[in-house]
Amino acid sequence: MTEYRRILLDGFATEVVRHGDALVAGDGREIAIEDAVHLPPTVPSKIIAVHLNYASRTEEFMTRLPPAPTYFHKPVTALNSHEGAVVRPEGCRFLNFEGEIVIVIGRTCRNVTPADAGDYIAGYTVGNDYGLHDFRDTDAGSMLRVKGSDTLAPVGPGLVTGWDFHDKRIRTLVNGVVRQDDSTANMKWDMNYLVADIARTITLSPGDLLFTGTPAFSRPVEPGDVVEVEVEGLGTLRNHIVTGPSAIRTDVGAQPSASEEVVSTALGGDWEFRGIRTPSKDLYPSTVQEKAAKDAQ
């Protein structure tokens, strides 16, 4: 395996290769990892994410997966890097972490089979698909502000080639305490399937990013928290949470909410409304409601 990173070097974005605790530029210069200013390891034209994929997350929502995955889009302006600050806007309360593995596309990909999809993958990186659930009432379908607000797509620290995604451990820690802990063995759809599925109708370009889903126990974090996502063989992505420099404007648009839907999703799927709210009531049915209907027959 080889790990490539992008850092600021003399004010320029520079690709470097990791050698132990050092990052080596093409001209031979070495930079200690702890001294580097990291950039996202790739410059994507688009960022795509799958809704549910891990069995633990599906069970947490008390739902069932549909026959095929569903997706949403994160704008490239949400892109962030290793050690970058993740902004929770003033006036918002429900910023959730979601540790994930991210596919990096290596060459133009369109209409390929799952068996061939691996040939179009450059490698993998670590991501955190942050969600600003305060806007879930108005953007639940598109997820635009929920998942696409500025800084909510940190990836890094590097792009690792030659990594086998099978049976790898993924953990998310908040202030050093493990909050998510799972394995890629528990994903419904693997990396090759996701690439082939999207590429049926959407051309994937070199550098594009595909977030592949998060395990159970995504929860809100607060300004001052440090969030780390560890993936076996890919390293650790670290970010810290800060309060935004200005409040959400009140003279336009929907305002942050703490409705039943917002709170139940941010705190793990339902709590007192367990099984009534799911990510999509049509595609992701409530197993609680299904059981109640069956019992009533």
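Keep in mind that this is a model prediction, so the values were computed, not measured. For the single chain, residues carry numbers from 1 onward in sequence order.
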Undergrad: Would you say Asn192's side chain and Ala115's backbone share a donor-acceptor pair under 3.5 angstrom?
TA: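 Answer holds: no.
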
Undergrad: Could you tell me whether the side chain of Asn239 and the main chain of Ala85 form a donor-acceptor pair under 3.5 Å?
TA: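 Here the side-chain-to-backbone pair does not exist.
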
Undergrad: Given Arg238, which of Glu228, Glu230, His38 fulfils the side chain to side chain donor-acceptor pair (under 3.5 Å) condition?
TA: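 Testing Arg238 for a side chain to side chain donor-acceptor pair (under 3.5 Å) against Glu228, Glu230, His38 leaves exactly one candidate, Glu228.
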
Undergrad: Flag yes if Leu234 and Met187 sit in one hydrophobic cluster, no otherwise; membership is Ile, Leu, Val, Met, Phe, Trp, Tyr, and two members link when side-chain heavy atoms are under 4.5 Å apart.
TA: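 Same cluster: Leu234 reaches Met187 through Ile, Leu, Val, Met, Phe, Trp or Tyr contacts under 4.5 Å.
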
Undergrad: When you look at Leu95 and Asp134, which way does the side chain to side chain contact (heavy atoms under 4.5 Å, CB included) test go after all the steps?
TA: CA-CA 8 Å; Leu95 175 65; Asp134 304 73; 5.8 Å; no

Undergrad: When you measure from the side chain of Glu100 to the backbone of Val126, do you find a donor-acceptor pair of N or O atoms at a distance under 3.5 Å?
TA: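 No, the answer is negative, given that no donor and acceptor are paired below the 3.5 Å cut-off.
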
Undergrad: What do you reckon, is CG of Asp21 surrounded by more than 12 foreign heavy atoms closer than 6.0 Å?
TA: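 No, not enclosed.
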
Undergrad: Tell me whether the count of non-hydrogen atoms from other residues, nucleotides or ligands lying under 6.0 Å of NZ in Lys168 goes above 12.
TA: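 Yes.
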
Undergrad: Tell me if the CZ atom of Arg93 is crowded by more than 12 foreign heavy atoms within 6.0 Å.
TA: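 Count not over threshold, so no.
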
Undergrad: Between the side chain of Arg169 and the main-chain N/O of Glu232, is any donor-acceptor distance below 3.5 Å?
TA: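 Such a contact is absent between Arg169 side chain and Glu232 backbone.
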
Undergrad: Could you tell me which residues satisfy side chain to side chain contact (heavy atoms under 4.5 Å, CB included) with Asp167, sequence neighbours excluded, listed by chain and number?
TA: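 Scan of Asp167 (side chain to side chain contact (heavy atoms under 4.5 Å, CB included), adjacent residues dropped) gives Ala185.
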
Undergrad: Determine whether the aromatic ring centres of His51 and Tyr71 lie less than 6.0 Å apart.
TA: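 That pair fails the under 6.0 Å test.
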
Undergrad: If you count heavy atoms of other groups shown closer than 6.0 angstrom to CZ of Phe217, is the number above 12?
TA: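 Atom CZ in Phe217 is not crowded, with 12 or fewer foreign heavy atoms closer than 6.0 Å.
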
Undergrad: For the pair Ser218 (side chain) and Asn96 (backbone), establish whether a donor and an acceptor sit closer than 3.5 Å, ignoring hydrogens and angles.
TA: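 No; judged by distance alone, with no hydrogens or angles, the pair does not exist.
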
Undergrad: Which pair of non-hydrogen atoms, one from Asp208 and one from Ser45, has the smallest distance, and what is that distance?
TA: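 For Asp208 versus Ser45, the nearest heavy atoms are OD1-OG, 2.6 Å.
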
Undergrad: Which hydrophobic side chains are connected to Tyr4, either touching it within the sub-4.5 Å cutoff or through other members that do?
TA: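 Members alongside Tyr4: Val17.
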
Undergrad: Between the main-chain N or O of Phe211 and the side-chain N or O of Asp129, is there a donor-acceptor pair closer than 3.5 Å?
TA: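 Checking the backbone N and O of Phe211 against the side chain of Asp129, no donor-acceptor pair under 3.5 Å is found.
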
Undergrad: Do the side chain of Lys74 and the main chain of Leu152 share a donor and acceptor less than 3.5 angstrom apart?
TA: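 Side chain of Lys74 to backbone of Leu152, a donor-acceptor pair under 3.5 Å: yes, one is there.
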
Undergrad: Sub-3.5 Å donor-acceptor pair from the side chain of Asn128 to the main-chain atoms of Phe97, do we have one?
TA: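 It does not hold such a pair.
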
